[in-house]
Amino acid sequence: MTNLRHCVSRMFYPSPVFPSGARLSDITCKSQKLMLETGLIRQSSPGTFHLLPFAVKALEKLSCLIDTEMENIGGQKVAMPSVGSASLWKKSSRWTTMGAELFKLQDRHNTEFCLSPTHEEAVTDIIAAETTLTPRNFPIRLYQVTTKFRDEPRPRYGLLRGREFLMKDMYTFDTSLDAARDTYQAVCGAYHRIFQKLGLQVIQAVGDSGLIGGDKSHEFILPADVGEDTIHHCPKCGLAANTETSPGESPTCPQNLCKPSCEVTQKKGIEVGHTFLLGQKYSEVFDASFTDQFKKKRNCEMGCYGLGVSRILAAAIEVLSSDQEVRWPRVIAPYQVCIIPPKEGSKESELLRLAEQIYDEIVATTPHLKGDVLLDDRLSQTIGRRLKDSQKIGHPTIVIVGKQALSDPAKFELHCTETNTTKFVTKSELFNYLKTIPIL
């Protein structure tokens, strides 16, 4: 059983390495500072980061949560190349309109490509190649979770604004504008459920369609002081819009809840998602069409929907954490439970075996925690030192097997980092608590 346990001593715990020439005091973004300090990320170059084991584990959980919600609304997962064909981008005119943010390159044959920041051209070309589509083939809802690239002029704030990032992008095709609107509402609903499960108070705001295009657009904004977006927001009715699209005056409440008008305030926030109702902008250019019941050829109505997966991770740490300790959305914490036995050579050192038994029993009796339990077997360190490390990295539940475990009945020190509470519990009380831990 020993070889199957997740033990801290066998894990790669990176030391905090800050960018060359940078000092800790130079980093003003909380999430970036914490993620560097705890070895979640390490900078490779300006705007690009190595994602290290704990960050990858959290991102995999986040991707799993997103997969579930996308599948629940009929999404089918695909994987499109990061290297995009210049011919497609030139066909849509975005080869030039994207400007300097588009990474461009040539292969050995001098053929032009780009590192895709998004995939409207590629996915529309896939659908356009299907020449026998009829209404019964719709809706088509394709999505992926892949690495994207954007040549940011000023990358900063760690994973919040980088040149390489992980993104979920969905592309939808419908036979009518009404059907496309239904799809739009379905995706927005899925986004709200994702953020609700993460415990993030995200605001859906009318947004700017920008270079993506389309007739309707919403941004999903997580309020945060470090955010680079500013929205007008009415807390009474929920009306919200990016300041780039909304007037400065207080608008009339669309739900007649605010008298005489909405009480609009300005909020800074991080854009963690964006939705676009595209219409026929791309389907017309690429001839993505179907044959209707009257044997008439018609263009598809499209939508595209993005979630900044790596940005969500950093944004969550930004808003949930203290200045000194990481706090995760519970459902995506890399490990849910960390068990700390006594220091080697202490009077209670024989309790190591009990700690291992507790670990094994958790895995055996609470299957939903399998793979989510960690044993801090660095026995040369004090319990206090290891507790501090566990709180720093943000393990939601910490169980200390200390001298109280020698009493009758045995008591275990239970730390809940979410609520910052500590109590002593019996073994049965501990296991009853563990069964309540929410897992994806």
Side-chain angles (χ1 to χ4, degrees), residues 6 31 35 40-41 51-79 141-148 159-160 165-172 183-204 218-222 224 269-275 304-321 326-337 366-374 393-397 417-418 434-440:
H6 295 281
S31 57
M35 295 180 83
L40 296 174
I41 61 173
L51 303 175
L52 299 173
F54 274 44
V56 169
K57 201 166 191 290
L59 284 169
E60 287 173 344
K61 290 184 175 185
L62 178 54
S63 295
C64 182
L65 169 59
I66 291 169
D67 283 340
T68 298
E69 290 298 335
M70 292 299 99
E71 290 167 7
N72 285 344
I73 60 170
Q76 300 178 74
K77 199 169 189 178
V78 298
R141 298 171 179 176
L142 305 178
Y143 81 98
Q144 60 180 351
V145 179
T146 59
T147 300
K148 298 291 194 296
L159 299 187
L160 291 180
F165 49 94
L166 193 64
M167 181 177 172
K168 189 287 303 179
D169 44 328
M170 172 177 264
Y171 305 93
T172 63
T183 292
Y184 192 92
Q185 293 304 317
V187 179
C188 288
Y191 279 17
H192 282 293
R193 289 191 295 274
I194 289 168
F195 292 120
Q196 184 178 31
K197 289 178 180 179
L198 293 172
L200 301 177
Q201 303 300 313
V202 169
I203 298 170
Q204 181 178 345
H218 284 90
E219 299 172 2
F220 289 75
I221 302 293
L222 181 62
I270 302 165
E271 181 190 325
V272 289
H274 210 147
T275 57
C304 70
Y305 309 87
L307 282 177
V309 182
S310 52
R311 182 181 285 187
I312 290 171
L313 182 71
I317 291 174
E318 182 71 33
V319 302
L320 297 178
S321 302
V326 172
R327 290 295 176 266
W328 304 89
R330 182 66 187 249
V331 293
I332 65 168
Y335 291 92
Q336 294 292 330
V337 181
T366 53
H368 72 292
L369 290 177
K370 185 177 180 180
D372 270 299
V373 185
L374 188 62
I393 196 67
H395 299 309
T397 300
T417 58
E418 283 182 304
L434 295 176
K435 289 175 184 177
T436 68
I437 293 177
I439 301 293
L440 294 175

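Partners of R141 under the salt bridge (charged side-chain N to carboxylate O under 4.0 Å, His left out) rule, at least two apart in sequence or in another chain, do not exist in this structure. Listed by chain and residue number, W328, Q336, P396 satisfy the side-chain contact (heavy atoms from CB on, under 4.5 Å) test with A333 (two or more places apart in sequence, or in another chain). Partners of Y335 according to the ring pair (Phe, Tyr, Trp, His ring centres under 6.0 Å) rule, which considers only residues two or more places apart in sequence or in another chain, are H6, F54. Applying the side-chain contact (heavy atoms from CB on, under 4.5 Å) rule to T147 yields the partners F149, E164, L166; only residues at least two apart in sequence or on another chain are considered. Applying the side-chain contact (heavy atoms from CB on, under 4.5 Å) criterion to K77, with sequence neighbours excluded, gives D67, Y143, V145. When the side chain to side chain donor-acceptor pair (under 3.5 Å) test is applied to H218, the partners found at least two apart in sequence or on another chain are Y184. By the ring pair (Phe, Tyr, Trp, His ring centres under 6.0 Å) test, H192 pairs with F220, sequence neighbours left out. For T397, the side chain to side chain donor-acceptor pair (under 3.5 Å) partners are R330, not counting sequence neighbours. Remark: T146 pairs with Q144, K148, D169 by the side-chain contact (heavy atoms from CB on, under 4.5 Å) rule, at least two apart or across chains. Annotation: side chain to side chain donor-acceptor pair (under 3.5 Å) contacts of S31 (sequence neighbours excluded): E318.
Checking side-chain atoms of S310 against main-chain N and O of F165 turns up no donor-acceptor pair under 3.5 Å.
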Residue pair L307, V272: steps toward the side-chain contact (heavy atoms from CB on, under 4.5 Å) verdict: CA-CA 6 Å; L307 282 177; V272 289; 5.9 Å; no

side-chain contact (heavy atoms from CB on, under 4.5 Å) evaluation trace for L65 with L198: CA-CA 9 Å; L65 169 59; L198 293 172; 3.8 Å; yes

Residues V309, I312; criterion side-chain contact (heavy atoms from CB on, under 4.5 Å); working and verdict: CA-CA 5 Å; V309 182; I312 290 171; 5.6 Å; no

Derivation of the side-chain contact (heavy atoms from CB on, under 4.5 Å) call for L434 and V337: CA-CA 9 Å; L434 295 176; V337 181; 3.8 Å; yes

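The side-chain heavy atoms of I332 and L62, taken from C-beta on, include a pair separated by under 4.5 Å. A 4.5 Å side-chain heavy-atom check between L52 and I41 finds every atom pair outside the cut-off. R327 is listed as a side-chain neighbour of T417, based on a closest heavy-atom distance under 4.5 Å. Within the 4.5 Å cutoff, the side chain of M70 has heavy atoms near those of the K168 side chain.
Counting all heavy atoms, side chain and backbone alike, I73 lies closest to A186 at CG2-O, 4.0 Å. Nearest heavy atoms, R311 versus E271: NH1-O, 2.8 Å. Contact detail for G306 and M167: the closest heavy-atom pair is CA-CE, 3.8 Å. Taking all atoms of both residues into account, the shortest heavy-atom contact from A314 to L159 is CB-CB, 3.7 Å. Closest of all the heavy-atom pairs between H368 and I437 is NE2-O, 3.3 Å. Here the closest heavy-atom approach between residue L320 and residue P329 is recorded as CD1-N, 3.6 Å.
Counting non-hydrogen atoms of other residues, nucleotides and ligands closer than 6.0 Å to CD of Q76 gives a total of 12 or fewer.
Note that CG of L200 and CG of L222 are 5.5 Å apart. Values are rounded to the nearest 0.5 Å. Taken to the nearest 0.5 Å, the OG1 atom of T275 stands 7.0 Å off from the OH atom of Y191. How far CG of N72 is from OG1 of T68: 6.5 Å, rounded to the nearest 0.5 Å. Taking SG of C188 as the reference point, atom CD of Q185 lies at 5.5 Å (rounded to 0.5 Å).
Every pair passing side chain to side chain donor-acceptor pair (under 3.5 Å) that includes a residue from residues 193-202 is listed here, sequence neighbours excluded: E69-R193, E69-K197. Pairs engaging residues 51-60 under the salt bridge (charged side-chain N to carboxylate O under 4.0 Å, His left out) rule: K57-D372 [sequence neighbours left out].
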